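Written below as structure tokens is the structure these notes are about.
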Amino acid sequence: LGDLSLSEQLDYLAQGKYTPLTLCAMEFAALDAKSRWEGKSIFRDQYLPRSHFLVTDIFKWNSQHVERVIQQGYTHVKLKVGRHIDREIECLHTFFGDTPLKLRLDFNETLTSDSFNCSLKQMQKMHESIDFIEDPFPFHVQSWTAIQKDGWTLACDRQAQVGCHHPEATAILIVKPALQPFEEWQKWMH
């Protein structure tokens, strides 16, 4: 995401200077420290998705890659999709159709509502394997609500500040502490 290297981040921090990334890290560390002092967990009553293996280009994958991910102990795979959706869905069926892996599909708002609904029909056989679908098209309360009512789980990233007020339309919010300072989240939640 264009951040400085770890050593550069630490050098700045040693000088008492903050980058956007270290500022957010310090804010969350302070929140965690306060909660621990009070004997509370900041994760109480929160659902935290399991960690996943990231696939940025499914066309560079084959069944051996999938087997390696399973052998490494991953249970979830996040795939960046949406550029060539018909071919990508074909690959999903081929590589992941008969595996125990749960899939997280991140479209980064590349589709329209209509094209996404067509894609859902093609993915129907894999419905049980799909953990959630992130940003299929720009957030739209009514459209996203209808999709969730059909049994698909949607995750909101790019418009999380709006999605956080509509749990009927998005079951999962993608929080990126390095990009979204804690103060922003506090504003959004009120």
Side-chain angles (χ1 to χ4, degrees), residues 1-3 6 21 24-25 28 42-43 46-140 143-160 163-164 166-167 169-180 185:
L1 299 173
D3 293 312
L6 177 60
L21 184 62
C24 288
F28 279 95
I42 59 174
F43 301 112
Q46 300 296 314
Y47 166 72
L48 297 176
R50 294 190 59 153
S51 211
H52 56 249
F53 188 93
L54 178 63
V55 177
T56 57
D57 187 350
I58 195 169
F59 300 127
K60 293 182 180 175
W61 270 58
N62 59 43
S63 51
Q64 287 79 26
H65 289 107
V66 175
E67 282 305 312
R68 241 180 274 135
V69 167
I70 293 170
Q71 289 170 358
Q72 291 173 6
Y74 285 95
T75 56
H76 293 71
V77 175
K78 181 175 180 176
L79 299 111
K80 298 285 189 171
V81 293
R83 294 175 303 271
H84 307 283
I85 191 61
D86 292 333
R87 287 180 43 222
E88 290 164 339
I89 291 172
E90 239 176 73
C91 289
L92 291 176
H93 285 288
T94 302
F95 301 138
F96 299 99
D98 294 324
T99 72
L101 293 168
K102 291 290 186 182
L103 307 178
R104 296 173 176 163
L105 307 178
D106 184 358
F107 286 87
N108 287 319
E109 297 181 343
T110 55
L111 302 179
T112 64
S113 176
D114 290 340
S115 62
F116 179 65
N117 281 311
C118 288
S119 298
L120 284 178
K121 291 175 186 159
Q122 293 175 287
M123 294 187 290
Q124 190 61 47
K125 285 183 184 175
M126 298 194 74
H127 188 253
E128 293 300 314
S129 297
I130 297 175
D131 188 31
F132 62 74
I133 299 168
E134 182 179 337
D135 288 346
F137 52 91
F139 186 76
H140 183 265
S143 300
W144 282 42
T145 299
I147 292 165
Q148 287 209 145
K149 281 184 179 176
D150 283 343
W152 298 92
T153 301
L154 297 181
C156 188
D157 173 5
R158 293 180 178 215
Q159 296 184 45
C164 69
H166 298 282
T170 181
I172 297 171
L173 297 174
I174 306 298
V175 178
K176 295 179 179 169
L179 300 177
Q180 299 153 329
W185 276 98

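Only heavy atoms go into these numbers, but all of them, side chains included; no hydrogens, no water, no symmetry mates. Since the model is a prediction, treat every value here as computed from it, not as a measurement.
- By the 6.0 Å contact criterion, CD on Gln72 is enclosed, its count of non-hydrogen atoms from other residues, nucleotides or ligands being greater than 12.
- Taking OH from Tyr74 and CG from Leu101, the interatomic distance works out to 11.5 Å, rounded to the nearest 0.5 Å.
- Proximity of a side-chain donor or acceptor of His166 to a complementary backbone N or O of Ala169 within less than 3.5 Å is not detected.
- Under a 3.5 Å cut-off, the side chain of Thr170 and the backbone N or O of Cys156 do form a donor-acceptor pair.
- Taking a 6.0 Å sphere around CG of Asp98, one finds it holds 12 or fewer heavy atoms contributed by other residues, nucleotides or ligands.
- Considering CG of Asn108 and CZ of Arg158, their distance stands at 4.0 Å, rounded to 0.5 Å.
- Partners of His127 by ring pair (Phe, Tyr, Trp, His ring centres under 6.0 Å), not counting sequence neighbours, listed by chain and number: Trp152.
- In plain terms, the two heavy atoms of Trp144 and Pro136 that are nearest each other are CZ2-CD, 3.6 Å.
- In this structure, the side chain of Asp135 engages the main chain of Asp157 through a donor-acceptor pair within 3.5 Å.
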Residue pair Thr110, Val81: steps toward the side-chain contact (heavy atoms from CB on, under 4.5 Å) verdict: CA-CA 8 Å; Thr110 55; Val81 293; over 6 Å; no

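- For Trp61, the ring pair (Phe, Tyr, Trp, His ring centres under 6.0 Å) partners at least two apart in sequence or on another chain are Phe53, His65.
- Listed by chain and number, the residues in a side-chain contact (heavy atoms from CB on, under 4.5 Å) with Cys91 are Ile58, Phe59, Phe95 (sequence neighbours excluded).
- When every heavy atom of Gln159 is checked against every heavy atom of Phe139, the shortest pair comes out as NE2-N, 3.5 Å.
- Residue Leu154 holds its CG atom at 11.0 Å from CG of Leu105, rounded to the nearest 0.5 Å.
- Across every non-hydrogen atom of Leu173 and Gly163, the tightest pair is CD2-C, 3.8 Å.
- The line from CE of Met123 to SG of Cys118 is 11.0 Å long, rounded to the nearest 0.5 Å.
- Listed by chain and number, the residues in a side chain to side chain donor-acceptor pair (under 3.5 Å) with Lys80 are Asp106 (sequence neighbours excluded).
- Contact check for Ser143 versus Phe116: no side-chain heavy atoms found under the 4.5 Å cut-off.
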From CA spacing to verdict: side-chain contact (heavy atoms from CB on, under 4.5 Å), Ile130, Leu92: CA-CA 10 Å; Ile130 297 175; Leu92 291 176; 5.9 Å; no

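- Distance alone, capped at 3.5 Å, is enough to place a donor-acceptor pair between the His93 side chain and the Gln122 backbone.
- For Ser115, the side chain to side chain donor-acceptor pair (under 3.5 Å) partners are Thr112, not counting sequence neighbours.
- For the atom pair NZ of Lys78 and CZ of Phe132, the computed distance is 6.0 Å after rounding to the nearest 0.5 Å.
- Legend: residues meeting side chain to side chain donor-acceptor pair (under 3.5 Å) with Glu67, ordered by chain and number and at least two apart, are absent.
- In this structure, CD1 on Ile70 lies 5.0 Å from OG1 on Thr99, to the nearest 0.5 angstrom.
- The two residues Thr153 and Asp131 come nearest to each other via the heavy atoms CB-O, 3.6 Å.
- Between Arg104 and His52 the shortest heavy-atom distance is NH1-ND1, 2.9 Å.
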